Amino acid sequence: MSFKIHWMFIKMKYASRMAYRLDFLMSIVAFFLFQFIGPAIIGIIYYAGGEFPGWTMPQVLLIMGSLALVRGFSFMFYVGILWATMRHVERGTLELLFIRPINKLWMLMMDSFDEEDIGQLIAGLALTLIALSLVDVHGSWLLYFVFLFFGLIFFLSIGLLGSAATVLWVKTRRLYEIIDIFMIFASYPKTIYSKEISLLFTTVLPLFILGFYPASALLGFAIDNAVLCIVSVTIFFAISLYLWNAAFKKYSGAGG
Amino acid sequence: MEIIKVRNLERTYKGYKRGHGLKEAFKALFARKVVLSQALKSVNFSINEGEIVGFVGPNGAGKSTTIKILSGVLYPSSGEVNILGYTPWKDRVKYVRNIGVVFGQKSQLWWELPPIDSFHLSKAIYQIPEHDFNERLEEMVKMLGVEEIMHRPTRELSLGERMKCEFIMALLHRPKILFLDEPTIGVDAISKDEIRDFLADINKKEKTTILLTTHDMDDIEELCERIMIIDEGTIIYDGNLEIVKKKYVKWKTVDFEFLEAKNKKQFDALLKKGEVQDRRRHVISVRFNKEKVDVPHILEQLMKSCSIVDMSVHEPRLEHVIKEIYLDKELKK
């Protein structure tokens, strides 16, 4: 039943957005094109004779495609809880969501569905398909999807953390931008980083789950420390969920 | 039968205090003084099935906090609430199926879409069978006279039209309890009347229990038999509206127009028993203290002492009664 309601929300979000067709189409195109900036830079580097040791250009594109895929899906379906929470807390309208007989987190996710991010998702899919047509797949599809799944969990954790922070401090506009700065490091092979930086992006901020591990699994490359990375993502998620629940318990609303 | 039971309900908000100006703002970046404010202080009440209770008080008195806790949206700091056997904040998902809420200043309708789309979303959320939904919608649309606007985008509707649709949205699933938080704020007089008639009908037909917070005392006078007055987080009065009016309304004002005084001496003596508020030639407004004089007897005498053309007798508005209650509370402090 929840999925049926979720589907209704998605349809209504698109119907609402269609009221301003040109703006909607331009947003989707912008989101789509934005995803090709990174790959274009990689193309320039390889065309100029540069390279990432042990990785061909299509293999690096597979990392970027996987990242864009996970990111596109997450942004479309739930990372928006961060901004939706901010909007509702500022306007004092969170109660309108919570008077519905639906789990709070699920309700917030439905409300925060971002129809424009379909551009990002399509770009991720296109990039992945282009990369796949240029590489030889020697690895495991199952592992690839397992890593993508944990990538989705990583982004959900960020959404939960941002949403919790907003409930506690109301305005946290730049929080995601700080995290996004680090996201650039998820676009490249782990092998180019020092041991310490690699450990950082495997454990404390497990960014390698988003592109490097899925691509390596599919290409049949070494995936050492992948279990550690999955454990880190799981712990990150558990902490985020706990903090989200605690923050919403403390929610005080707007007005008296 | 009591369906809402509230015992020792308390809610404390944590806020921060800082001084004035840039220097203080900068200081507050590093150290802020925590200020605790108690929005609700041991609130107790019960409401029976089918009652319409007016819940009034000044801004910041604790009305909305109470409504939000009873709606399952906010957690209290302490206390117990039992509504239809549920604790709202603990059993929220199951509990809210039984309630409807209308917030006067917040909309549940989708802004860019016609109200009918929002109603269909409600149908899916509350799993209302197709036949029940159509029947219920048709009934309420007729009662509120909103047939023409069902398919127009919400953003194009007037406030009155939108509020009527908010009521439909809140009542589609036939809730047993309806919480209304200033539902007629800013609404024009005709729409207000239609909304009040609609609420009275729903209450009569379906025995829907209604808790209504409002600053519009006409809402209270026309809908409620019982009133609860809250101030600074404490219920300072809970009882029958007519009884409270009798207790606190000490004055009756008589406005009359006369042609001439038949017995000038008697006429002047009668006026001296009250306080003349306004006098313009043959039009007089005079206020009598009910506790000190027999007002019907005075009116009788007045009619004998002069030839009256027109006369009206009225009591202070409910706003004044409530002010009196606040003053009484302040004096008792």
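What you are looking at is a predicted structure, and each value in this text was computed from that prediction instead of being measured.
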Q. What residue, out of A:Met8, A:Met12, A:Lys249, has the most heavy-atom pairs lying under 4.5 Å from chain B?
A. A:Met12
Q: Identify which one of A:Ile158, A:Val204, A:Leu241 satisfies the side-chain contact (heavy atoms from CB on, under 4.5 Å) criterion when paired with A:Phe236.
A: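 Checked A:Ile158, A:Val204, A:Leu241 against A:Phe236; only one passes side-chain contact (heavy atoms from CB on, under 4.5 Å): A:Ile158.
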Q: Let me know which of A:Pro214, A:Cys229, A:Ser232 forms a side-chain contact (heavy atoms from CB on, under 4.5 Å) with A:Ile209.
A: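 Of the listed options, the one satisfying the test is A:Cys229.
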(Q) For A:Lys104, which atoms come within 4.5 Å of any heavy atom of chain B: side chain, backbone, both, or neither? (A)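 For A:Lys104, the contact with chain B is made by backbone and side chain together.
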**Q.** N/O donor-acceptor pair under 3.5 Å between A:Lys4 side chain and B:Ala124 backbone
**A.**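 Not at all, since once roles are kept as given, no pair shorter than 3.5 Å links the two residues.
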Q. Just by modelled atom types, is the B:Val73 backbone N or O under 3.5 Å from a matching donor or acceptor in the B:Arg92 side chain?
A.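 Side chain of B:Arg92 to backbone of B:Val73: no pair is present.
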Q.
Please classify the contact between B:Tyr126 and chain A as side chain, backbone, both or neither, with a heavy-atom cut-off of under 4.5 Å.
A. side chain
Q | B:His173, part contacting chain A, at a heavy-atom distance under 4.5 Å | A | neither
Q. Are side-chain N/O atoms of B:Ser107 and B:Glu166 paired as donor and acceptor at under 3.5 Å?
A.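 Yes, side-chain donor-acceptor contact under 3.5 Å.
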Q.
Counting heavy-atom pairs under 4.5 Å with chain A, which one of B:Arg97, B:Gln105, B:His120 comes out on top?
A. B:Arg97
